[in-house]
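Presented below is the structure to which this report refers.
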Amino acid sequence: PSISDAELIQAWTQVLDLSDMTTGQSVTVLTSSETNRQTMRCAIIAAGLKGLVVNRLDLQPTNGGLSLSRDPLAYVGTTPLTGNRAAMAILKESDLVLDLMTLLFSPEQHEILASGGRILLAVEPPEVLVRLLPTLQDRERVLAASAVLRAARTMHVVSDAGTDMECALGDFPILEEYGFCDRPGRWDHWPSGFLATWSNEGSANGVIVLDRGDILLPHKSYIRDPITCTIRNGYVTDISGGLDADLLKSYMDSFRDPEAYALSHVGWGLQDRAHWSVMGFYDSENTIGMDPRAVAGNFLWSTGPNNEAGGTRDTACHIDIPMRNCTVMLDGRPVVEKGRVI
Ligand SMILES: O=c1ccc(O)c[nH]1
């Protein structure tokens, strides 16, 4: 492995310290057959060294026969916790859940958080976890941006490639991701360093042009031929372009769910230690693509569910689309200018 156990134990120790975990509190490490064994081993050692009560709960996979992709974020909504009362009992009793298997955004996740729990997702490879180790500066940067986003009522995104999309904001909470759970009731994702919210239902209109080099997740592809997405009243009503457009459209059509084309979260990246080029160095199944989601200056939009934000849409099809070189304006004020954070 490219990271020593000592380095990863130190990284987990920092994350647990930032998560304000104190001696005697309980941590449940959620695993599956796909869990990285070094990440699991080092998490358990770090938690033990901090005097936490550590348990491990290994969950069975689900949706394997339904999803077209093995990326755990490709098919959301139902999880190994759906209908799993015994697992929910231990998780709701835990002060912190280290999700090393990817519970997807789900009602069960809310139930655990509502019981005062914390959930930290961590499934990227060890070297990515260490390179993107969260810091207090990351939290400060995300929370400062979050205050601006929370006050905004409109988002307008433009680009030289032809993007020109507007939407109303304010009906949904802000998704703040800085990599550790510093208070009860928080979900976070290590690695991260970005923020998002959901556009008000039905309010997004315009066109989003995915240019060469923009990224589709879970496809893990750098787009070669521009894709033009027409947005009308909160839904993608047309996807046109070349092969990349056909591949995206046929994948989304396979869900046979009109809700799959709804706009989901919109936001931007703030992580200076994340890089656009990283995804190209990984086989597509060895990463979930957090570098492109978090890289400073991206515009990250997505399609599909809004149930994790308290909405009612729970479509299984979730696409994340990080874009370069966009200008993101809130109430007319740019927060990202041509791909650079203001
Ligand atoms: O950390 C994440 C990952 C995926 C996603 O859609 C949102 N946040």
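Values below: every heavy atom of this structure, side chains too, minus hydrogens, waters and symmetry copies. Start at 1 and go down the list; that is how both ligands and their atoms are numbered. Numbers here simply count residues along the sequence, with the first being 1.
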Exercise for review: Hey, could you give me the CD/NZ distance between Glu285 and Lys220, rounded to the nearest 0.5 Å?
Suggested key: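 Between Glu285 CD and Lys220 NZ, I get 7.5 Å after rounding to 0.5 Å.
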For ligand 1, which atoms, with element, lie under 4.0 Å from some heavy atom of [X]?
X: His318; answer: 5 (C), 6 (O)
X: Phe194; answer: 1 (O), 2 (C), 8 (N)
X: His189; answer: 1 (O), 2 (C), 3 (C)
X: Met290; answer: 1 (O)
X: Arg293; answer: 3 (C), 4 (C)
X: Glu177; answer: 1 (O), 2 (C), 7 (C), 8 (N)

Exercise for review: Report the part of Leu73 in contact with ligand 1, treating N, CA, C, O as backbone and CB onward as side chain, heavy atoms under 4.0 Å; options are side chain, backbone, both, neither.
Suggested key: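 Side chain only.
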Practice item. Could you see which bit of Trp187 sits under 4.0 Å from ligand 1, with heavy atoms only: side chain, backbone, both or neither? Key: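 The answer is the side chain.
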Practice item. Starting from atom 5 (C) of ligand 1, locate the nearest protein heavy atom and write down its residue, its atom name and how far away it is, to 0.1 Å. Key: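 Residue, atom and distance for the closest contact: Asp320 OD2, 3.3 Å.
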Should we count [atom1] of [X] as having more than 12 external heavy atoms under 6.0 Å?
X: Arg85; atom1: CZ; result: no
X: Lys50; atom1: NZ; result: yes
X: Glu127; atom1: CD; result: yes

Exercise for review: Report the C-alpha distance between Asn307 and Thr312 in whole Å, list the side-chain angles of each, state the deciding distance to 0.1 Å, and finish with yes or no for side chain to side chain donor-acceptor pair (under 3.5 Å).
Suggested key: CA-CA 5 Å; Asn307 54 343; Thr312 55; over 6 Å; no
Exercise for review: Tell me whether the centres of the aromatic rings in Trp190 and Trp12 are closer together than 6.0 Å.
Suggested key: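 Under 6.0 Å, so yes.
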Practice item. Evaluate the ring planes of His265 and Trp198, with Trp represented by its six-membered ring, and classify them as parallel (under 30°), tilted (30 to 60°) or perpendicular (over 60°). Key: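 Because their plane-to-plane angle is over 60°, the rings of His265 and Trp198 count as perpendicular.
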